[in-house]
Amino acid sequence: AKKAESKSKKLTAATDPDVDCQIMSYADLLKKLKTMVKKAKIGLPFKSVMLAKTYESKRHEKILSKTGYWASEKLDGLRCIYDAGRLLSRTGKQFNPPTTFFDSWPDDIILDGELFCGRGEFATASSIVRATVNVKKDLWDKEVVYKVFDSPTLSDLPFEERMEILEKRLSDSRNLE
């Protein structure tokens, strides 16, 4: 009799308009959880990454002639941030490489770069990096390299100094360029 009473009270509470709860089927619950996981974002350790801009001679010519500039090749990879053992997309979603991929990287500096498999190999990079099931350690270690652009940790220093520091700090790290 107690079990029946207990079930009855739960049902009453769940259907009572004054009680804030919702009854849903198992299938609906799974669907809702999958949506929540897809939308889950880890969050970047800083506001945003610096994005490339298209060169427009009318707009940039005067600035560049006075200040000088740095240019880099546009890569076919996946932009991401490395932060103490995590690789995050620029929107904050976490990539899940094997830990051996970045076990030689420093964990006291944030890096901004791109996971890259070679020119014209975006599809290859994307399929390896976005895999969440059966992550292939050997593909990450053989095919993927992290091309470092900058370090938000060092953003108070001039670009040239940041590059010198990064070159020294990262020279013994695997899978980094």
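All values derive from a computational prediction rather than experimental measurement.
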Inset, instruction - Using the side-chain contact (heavy atoms from CB on, under 4.5 Å) rule, take Arg79 and Asp112 through it: C-alpha gap first, then chi angles, then the decisive distance, then the call. - result: CA-CA 8 Å; Arg79 184 71 175 269; Asp112 176 12; 2.8 Å; yes
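- The distance between the ring centers of Phe116 and Tyr146 does not fall below 6.0 angstrom.
- Following chains of ILVMFWY side-chain contacts shorter than 4.5 Å, one cannot reach Leu75 starting from Met163, and the two form parts of different hydrophobic clusters.
- Between Asn175 and Phe102 the shortest side-chain heavy-atom distance does not fall below 4.5 Å.
- Between Arg162 and Asp150, at least one side-chain N (NZ, or NE/NH1/NH2) sits under 4.0 Å from a carboxylate O, which counts as a salt bridge.
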Inset, instruction - Using the side-chain contact (heavy atoms from CB on, under 4.5 Å) rule, take Leu78 and Phe95 through it: C-alpha gap first, then chi angles, then the decisive distance, then the call. - result: CA-CA 10 Å; Leu78 290 97; Phe95 295 120; 4.1 Å; yes
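- The two residues Arg174 and Trp105 have their closest heavy-atom pair at O-NE1, 2.7 Å.
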Legend entry - Step-by-step side-chain contact (heavy atoms from CB on, under 4.5 Å) determination, Leu115 to Val145: CA-CA 6 Å; Leu115 294 165; Val145 66; over 6 Å; no
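- In this structure, the side chains of Cys80 and Leu88 stay at 4.5 Å or more apart for every pair of heavy atoms.
- Residues passing the salt bridge (Lys or Arg N to Asp or Glu O under 4.0 Å) test with Lys147, sequence neighbours excluded: Glu177.
- Using a 4.5 Å heavy-atom threshold, the side chains of Val129 and Leu87 count as separate.
- By the side-chain hydrogen bond (donor to acceptor under 3.5 Å, both in side chains) test, Thr124 is found to be paired with Glu121, residues two or more places apart in sequence or in another chain being considered.
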